[in-house]
Amino acid sequence: MTKKSHPDQESVDLQEFTTPTDDSPKSVNSAWPQRITRIWNQTKTSLVNRVPLEQITQTIGQWFSVSETQVAEILATVRSELPTTEALLIGKPQSGKSSIVRGLTGVSAEIVGQGFRPHTQHTERYSYPSSELPLLIFTDTVGLGDVNQDTQGVIEDLISDLQQSSSRARVLIFTVKINDFATETLRQIAQQLRQQYPEVPCLLVVTCLHEVYPPTTANHSEYPPDNEEVKRAFAAIEQAFAGMYNRSVLIDFTLEEDGYQPVFYGLESLRDSLAELLPEAEARAIYQLLDDVAGKQLGDIYRDTGRRYILPFAIMAAALAAVPLPFATMPVLTSLQVSMVGLLGKLYGQRLTKSQTGGVVSAIAGGFLAQAVARELIKFVPGFGSVIAASWAAAYTWALGEGACVYFGDLMGGKKPDPQKIQVVMKEAFQTAQEMFKGIKN
């Protein structure tokens, strides 16, 4: 009788790949090949000796599945280290709250509109880039200033939010249109919140400056604005909210079709004001979000998390490819990779069906798929075929995971995935992974 394998035994071997490391995928040091070779030898021995070859395709998925609990633990660890900021946006509808979200995240107006979800009776919440790993959490007051709005109810909901224990940095952002002086309700809310939570910094943001520009004004002036009407209105609003805020700032965030340039007028001043009010780590995160070069660090957080379980899948793929049955392992190898991409999608807030995930794999794999089939033919060559196939399958699976991270990262940021960029990333990742997995031997 064939000795049965216990699923938990293999999962123990994979745990060392689910803990954070400082290894960079670009610079492969000696530790990676040694760890990979050790796990590879254990995996291959278990695969070949314990289960007959005809049963491998039926058991491999159960052996090396990544549990929901394991994924949750990884996310919890990373989430606890994130410099997350919760911004409570308090203002009337059309006062520029959603525009502030667009300016700070770079996400399109449509995506921002879809991102807010009911939080309490009087508030909505939007986590960016995802609820699993948020860097910014926006809580927006709903219907403030409406005739039938329960002002005290709004205050109670906001206070309830602030009362909850949290390690997040918090900031209150009061939004007022430059030409709106009916602000009594907002002033009541600001006054009560400041009295109860003086330690929470408050930023007064005056918006929609172009609405008081003279009819002949076609564009913004250099920042700060030198328009006398803007200055006069701004001073009056500051006076009305005296003692209720720490800093004030003028902005005018418009749409492309409005014709004003820059679209996010005053964004740098908003960023600097927030940075002065927030702790160092959170302030640095805000700067990175708005910097084209440093902004990629947001993607790196997710990529680094994704790599913690891309690597076990690559080892699994190598074990499958080492089985000397040409083409027999391809369906299971593909299924394994689809499972990996599905898990990565979940990390990025994309929950896909198996068929949808398969479509994503086909979309991002491109020319690599044909190469995979060609490489499978090498198994016919005696002696060295399976060694090449195993290392290649591991490297390809790694590259596919990296490509999936780029694909889902674009979707999460409200962008259309760029096939050319994904192919470049996969090619570079494949070359790096070949070095990582070169210690795999038959």
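Throughout, residue positions are numbered sequentially from 1 according to the sequence presented.
- Across all non-hydrogen atoms, the minimal contact from P134 to S127 is CB-CB, 4.0 Å.
- Checked against salt bridge (Lys or Arg N to Asp or Glu O under 4.0 Å), E282 has no partners two or more places apart in sequence or in another chain.
- M340 has its side chain within reach of T397: a pair of non-hydrogen atoms, C-beta onward, lies under 4.5 Å apart.
- Remark: side-chain polar atoms of T141 are not paired, donor with acceptor, to backbone N or O of V154 under 3.5 angstrom.
- The structure places CD1 of I155 at 9.0 Å from OG1 of T185, a figure rounded to the nearest 0.5 Å.
- Looking at T432, its side chain does come within 3.5 Å of a backbone N or O of E428 through a donor-acceptor pair.
- Atom CD of Q196 is separated from atom CG of L158 by 11.0 Å, given to the nearest 0.5 angstrom.
- Legend: residues meeting side-chain hydrogen bond (donor to acceptor under 3.5 Å, both in side chains) with T175, ordered by chain and number and at least two apart, are S95.
- Of the inter-residue distances, the one linking L104 atom CG with Y128 atom OH reads 10.0 Å to the nearest 0.5 angstrom.
- Contact of the S99 side chain with the F264 side chain is not registered, since no non-hydrogen atoms from C-beta on lie closer than 4.5 Å.
- The heavy-atom pair separating A429 from A399 by the smallest distance is CB-CA, 4.0 Å.
- Looking at every heavy atom in both residues, G266 comes nearest to F253 through C-CE2, 4.3 Å.
- Two residues are said to be in side-chain contact when any heavy atoms from C-beta on lie closer than 4.5 Å; L136 and V101 fail this criterion.
- No side-chain donor-acceptor contact under 3.5 Å links T84 to the backbone of L135.
- Dense packing is recorded around CD of Q163, with more than 12 heavy atoms of other residues, nucleotides or ligands lying under 6.0 Å away.
- Here the closest heavy-atom approach between residue T357 and residue G342 is recorded as CG2-N, 3.4 Å.
- Contacts of S269 classified as side-chain contact (heavy atoms from CB on, under 4.5 Å), with partners at least two apart in sequence or in another chain: Y223, V249, S273.
- Looking at V171 and L88, their side chains never come closer than 4.5 Å, going by heavy atoms from C-beta outward.
- Using modelled atom types, one side-chain atom of N246 and one backbone atom of C202 make a donor-acceptor pair closer than 3.5 Å.
- Looking at residues two or more places apart in sequence or on another chain, you find no side-chain hydrogen bond (donor to acceptor under 3.5 Å, both in side chains) involving T85.
- Applying the side-chain contact (heavy atoms from CB on, under 4.5 Å) criterion to Y260, with sequence neighbours excluded, gives H210, Y213, N219, H220, T254, D258.
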Decide side chain to side chain contact (heavy atoms under 4.5 Å, CB included) for L274 and L203; before the verdict, give the C-alpha distance in whole Å, the side-chain angles of both, and the deciding distance to 0.1 Å.
CA-CA 8 Å; L274 286 172; L203 179 64; 3.8 Å; yes

Would you please test F408 and V360 for side chain to side chain contact (heavy atoms under 4.5 Å, CB included) and show each step?
CA-CA 10 Å; F408 290 126; V360 172; 4.1 Å; yes

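- Put simply, the side chain of L144 reaches to within 4.5 Å of the side chain of L186, judged on heavy atoms.
- Listed by first and then second residue, the salt bridge (Lys or Arg N to Asp or Glu O under 4.0 Å) pairs involving residues 263-273 amount to none (not counting sequence neighbours).
- Within the 4.5 Å cutoff, the side chain of W398 has heavy atoms near those of the F437 side chain.
- The side-chain hydrogen bond (donor to acceptor under 3.5 Å, both in side chains) search around E211 returns K177, N179, not counting sequence neighbours.
- For D157, there are no salt bridge (Lys or Arg N to Asp or Glu O under 4.0 Å) partners two or more places apart in sequence or in a different chain.
- Just one of I251, L209, L270 meets the side-chain contact (heavy atoms from CB on, under 4.5 Å) condition when paired with Y265; it is L209.
- Residues meeting the side-chain contact (heavy atoms from CB on, under 4.5 Å) test with P417, sequence neighbours left out: Y407, D410, L411, I422.
- Under the side-chain contact (heavy atoms from CB on, under 4.5 Å) criterion, E257 pairs with L255, sequence neighbours left out.
- Side-chain contact between I173 and I100 is present, with heavy atoms from C-beta onward closer than 4.5 Å.
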For side chain to side chain contact (heavy atoms under 4.5 Å, CB included), just list the numbers for I189 and T151, CA-CA rounded to whole Å, side-chain angles, deciding distance to a tenth of an Å, and then say yes or no.
CA-CA 8 Å; I189 294 174; T151 302; 4.0 Å; yes

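- To the nearest 0.5 Å, atoms SG (C405) and CE (M426) are separated by 11.5 Å.
- Taking every heavy atom of both residues into account, C208 and I178 meet most closely at O-CG2, 3.1 Å.
- Across all non-hydrogen atoms, the minimal contact from L344 to G401 is CD1-O, 3.6 Å.
- Every residue meeting the salt bridge (Lys or Arg N to Asp or Glu O under 4.0 Å) condition with E276, not counting sequence neighbours, appears here in chain and number order: R247.
- Atoms CG and CG, on L193 and D161 in that order, are 10.5 Å from each other to the nearest 0.5 Å.
- Note: H122 NE2 to Q152 CD = 9.5 Å, rounded to the nearest 0.5 Å.
- Pairs engaging residues 135-145 under the salt bridge (Lys or Arg N to Asp or Glu O under 4.0 Å) rule: K97-D140 [sequence neighbours left out].
- Sparse packing is recorded around CD of Q94, with 12 or fewer heavy atoms of other residues, nucleotides or ligands lying under 6.0 Å away.
- By the 4.5 Å heavy-atom criterion applied to side chains, R125 and E86 are counted as neighbours.
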Please step through side chain to side chain contact (heavy atoms under 4.5 Å, CB included) for the pair Y197 and L172, ending with a clear verdict.
CA-CA 10 Å; Y197 296 95; L172 300 174; 5.9 Å; no

